[in-house]
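Following: one structure in structure tokens, then a few remarks.
Every value quoted in this text rests on a predicted model; they were computed, and no experiment measured them.
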Amino acid sequence: MMPPVTIRRRAAAGLVATLLAATGTLAAPPTPALAADPAYRSLSTASNPDWMRRLPDGASLAALSLPGTHDTLSIHGGAWTQTQENYGNSAGTLAAQLDAGVRAIDIRARINSGNTFTIHHGATYQQANFDDVLAVLGAFLAARPTETVIMRLKHECTGEIGSCADATGQLGFADIFDRYRSARPGLFWGPSVERGAGAGIPTLGAVRGRVVLAVLHGPRGGRYGQYGLAQFADWGHGSSTYIQDEYDVPNVGAIATKRDRVRRHLDATSAGDPTRMYVNFASGASVFATPAAVAGGALGVQGVNPFLLTYLNEGPEVHPPVRRTGMLMLDFPGGGLLDRIIAVNTTT
């Protein structure tokens, strides 16, 4: 009899596939084909390619409400692995997200031969390479120099069942990243990509037209060097004071608990230290609750995305207004939800 297994979000798809192959008895979780709505799977209804131009140069990144995507390029691998609408390989999906208004991204990479990065979610190659990511970001920011993009870059491969394994005989993850950074001078905001010293939180004016590296994560959540923003030194595996990343949603009924965690962190962000950046992962999954079910809902249980849209739209007679969302990392975001997060920047 198989011992209990704690499902990690990044490995769930591969582990489920292994169990199915071994036993043939594990039923798929209930994930109905939900219709797109303003909160879910309607990315293309939003068009916000240069929304940051309306914001003052002196605004701190910590003060902003930033729509983001969890596992930004995960579009292949089936129901347990896909987290975003598919707008094309080679980071075409990232290009669509940026045009819709996404400004915080979550990139997961495997070390490949030739000291290169390929983009993975667990064991599944997402038909994109890190060169594609940087090319899309470079083209977007050259065309929209008023914007900035915040990137979390994570070494994805643990070598465990359900994860990927790195190519052997290559440089370390941080060394390979340094090569990419050097090959594209000016793309990254310099202070955020220094190995030996974390950066302070910049103003928007200081980083327009640049990518800000928030953190460079190892495969089990540890941080490589001091890359990124110094504030995120304790951003590890799971949650901390400024991070909500409770990703284990054991079944569809537990989506309600995930909604509450997202709501509590949203309230903490709105009322919290204005000099600190907050990150709120709306995503979650397990063998019995796919990313789509958690985001959109299933079996009569409201998903996180429609809940968020409703909560952001509710007036002060219901709860204190949300004055800041921080980096809100979403699966399958809808255009209406992206528009509403962006609007928080100009209505507070």
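Tyr40 and Asp331 are not linked by any side-chain donor-acceptor pair at a separation below 3.5 angstrom, with hydrogens and angles left out of the test. In the model, His217 has no side-chain atom that pairs as donor or acceptor with a side-chain atom of Arg223 under 3.5 Å. Side chain to side chain, Ser74 and Gln84 fail the donor-acceptor criterion of an N or O pair below 3.5 Å. Side-chain polar atoms of Asn86 and His76 form no donor-acceptor pair below 3.5 angstrom. Checked by atom type, the side-chain pair His319/Glu314 shows a donor-acceptor distance below 3.5 Å. Side-chain contact, Tyr180 with Asn115: no donor N or O sits under 3.5 Å from an acceptor N or O. No side-chain N or O of His70 forms a donor-acceptor pair with one of Tyr247 less than 3.5 Å apart.
Listed here is the closest heavy atom pair of Ile111 and Leu171: CD1-O, 3.9 Å. Here the shortest heavy-atom pairing between Leu73 and Val133 reads CD1-CG2, 3.6 Å. In terms of heavy-atom proximity, Trp51 sits nearest to Gly101 at NE1-O, 3.0 Å. In terms of heavy-atom proximity, Ala100 sits nearest to Ile342 at O-CD1, 4.4 Å. The two atoms that bring Val301 and Val252 nearest to each other are CG1-O, 3.8 Å, heavy atoms only. Between Cys157 and Ala165 the shortest heavy-atom distance is SG-N, 3.9 Å.
Contact annotation: the side chain of Asp106 approaches that of Met329 to within less than 4.5 Å [non-hydrogen atoms, C-beta and beyond]. Taking 4.5 Å as the limit, every side-chain heavy atom of Thr325 sits out of range of all side-chain heavy atoms of Thr269. Thr203 has its side chain out of reach of Asp57: every pair of non-hydrogen atoms, C-beta onward, lies at least 4.5 Å apart. Taking the side chain as every heavy atom from C-beta outward, Leu43 and Tyr87 approach each other to under 4.5 Å. Between Tyr224 and His155, the closest side-chain pair of non-hydrogen atoms falls below 4.5 Å. Val102 is not listed as a side-chain neighbour of Asn48, based on a closest heavy-atom distance of 4.5 Å or more. With a 4.5 Å cut-off on side-chain heavy atoms, Leu64 and Leu61 count as touching. Put simply, the side chain of His121 reaches to within 4.5 Å of the side chain of Thr83, judged on heavy atoms.
With rounding to the nearest 0.5 Å, the separation of CD1 in Ile341 from CG in Leu308 is 7.0 Å. One distance of note links CG of Leu337 with CG of Asn305; it measures 5.5 Å at 0.5 Å rounding. Atom-to-atom distance recorded for Ser286:OG and Asp248:CG is 6.0 Å, nearest 0.5 angstrom. Here the straight-line distance linking atom OG1 of Thr72 with atom CG of Leu330 works out to 10.0 Å at 0.5 Å rounding. The CG atom of Asp273 lies 11.0 Å from the OG1 atom of Thr241; values are rounded to the nearest 0.5 Å. With values rounded to the nearest 0.5 angstrom, Gln97 atom CD is found 9.0 Å from Glu85 atom CD.
Cation-pi geometry between Arg181 and Phe188 is not met: the NZ or CZ atom fails to fall both under 6.0 Å from the ring centre and inside 45° of the normal.
Under the 3.5 Å distance criterion, the side-chain polar atoms of Gln302 are left unmatched by any main-chain donor or acceptor of Gly300. With hydrogens and angles disregarded, a donor-acceptor distance shorter than 3.5 Å links the side chain of Gln231 to the backbone of Met277. Judged by distance alone, the side chain of Ser192 and the main-chain N or O of Gly228 form no donor-acceptor pair under 3.5 Å. Remark: side-chain polar atoms of Gln170 are paired, donor with acceptor, to backbone N or O of Thr168 under 3.5 angstrom. At distances below 3.5 Å, not a single donor-acceptor pair connects side-chain atoms of Arg41 with backbone N or O atoms of Gly296. With hydrogens and angles ignored, the 3.5 Å screen pairs no side-chain donor or acceptor of Ser163 with any backbone N or O of Glu160. A donor-acceptor pair under 3.5 Å is formed between the side chain of Ser42 and the backbone N or O of Gly335. Of the possible polar contacts, one joining the Asp132 side chain to the Asn129 backbone as a donor-acceptor pair under 3.5 Å is found. Looking only at distances, no side-chain donor or acceptor of Lys258 sits under 3.5 Å from a matching main-chain atom of Ala282.
Screening Arg220, Arg108, Arg110 for a salt bridge (Lys or Arg N to Asp or Glu O under 4.0 Å) with Glu156, the sole residue that qualifies is Arg108. The residue from Arg208, Arg210, Arg103 that alone fulfils the salt bridge (Lys or Arg N to Asp or Glu O under 4.0 Å) condition with Glu147 is Arg103.
Note: the hydrophobic cluster containing Ile75 does not contain Ile107 (ILVMFWY, side chain heavy atoms under 4.5 Å, direct or indirect links). In terms of hydrophobic clustering, with Ile, Leu, Val, Met, Phe, Trp and Tyr side chains grouped at heavy-atom distances under 4.5 Å, Tyr125 and Trp80 are assigned to different clusters. A single hydrophobic cluster is seen to contain both Leu98 and Leu213, as judged by linkage of ILVMFWY side chains at heavy-atom distances under 4.5 Å, directly or through other members. Both Leu328 and Met151 are assigned to one and the same hydrophobic cluster, defined by single-linkage of ILVMFWY side chains at heavy-atom distances under 4.5 Å.
A salt bridge is defined here as a Lys NZ or Arg NE, NH1 or NH2 lying under 4.0 Å from an Asp or Glu carboxylate O, and Asp175 with Arg179 fails to meet this definition. At a threshold of 4.0 Å, the pair Asp267-Arg264 does not count as salt-bridged, since none of the basic side-chain nitrogens sits closer than that to a carboxylate oxygen.
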>> Let's go through Val212 and Thr148 carefully: what are the C-alpha distance in whole Å and the side-chain angles of both, what is the deciding distance for side chain to side chain contact (heavy atoms under 4.5 Å, CB included) to 0.1 Å, and is it a yes or a no?
In response: CA-CA 7 Å; Val212 177; Thr148 188; 3.8 Å; yes
>> For Leu266 and Leu312: C-alpha separation, side-chain torsions, deciding distance, then whether side chain to side chain contact (heavy atoms under 4.5 Å, CB included) applies.
In response: CA-CA 10 Å; Leu266 189 61; Leu312 291 171; 4.2 Å; yes
> After noting the C-alpha distance and the side-chain angles of Arg195 and Asp178, does the key distance pass the salt bridge (Lys or Arg N to Asp or Glu O under 4.0 Å) rule?
Replying inline: CA-CA 9 Å; Arg195 186 180 301 203; Asp178 284 346; 2.7 Å; yes
>> Before you tell me yes or no, could you show the steps for Leu141 and Leu187 under side chain to side chain contact (heavy atoms under 4.5 Å, CB included), namely the whole-Å CA-CA distance, both residues' side-chain angles and the distance that decides it to 0.1 Å?
In response: CA-CA 8 Å; Leu141 291 170; Leu187 177 59; 4.3 Å; yes
> When you look at Val262 and Asn280, which way does the side chain to side chain contact (heavy atoms under 4.5 Å, CB included) test go after all the steps?
Replying inline: CA-CA 7 Å; Val262 172; Asn280 197 348; 3.8 Å; yes
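Ring centroids of His265 and Phe281 are separated by 6.0 Å or more, keeping the two rings apart. Between Phe173 and Phe117, the ring center distance clears the sub-6.0 Å criterion.
Here Tyr278 sits in one hydrophobic cluster together with Tyr242; the rule is ILVMFWY side chains under 4.5 Å apart, joined directly or through other members.
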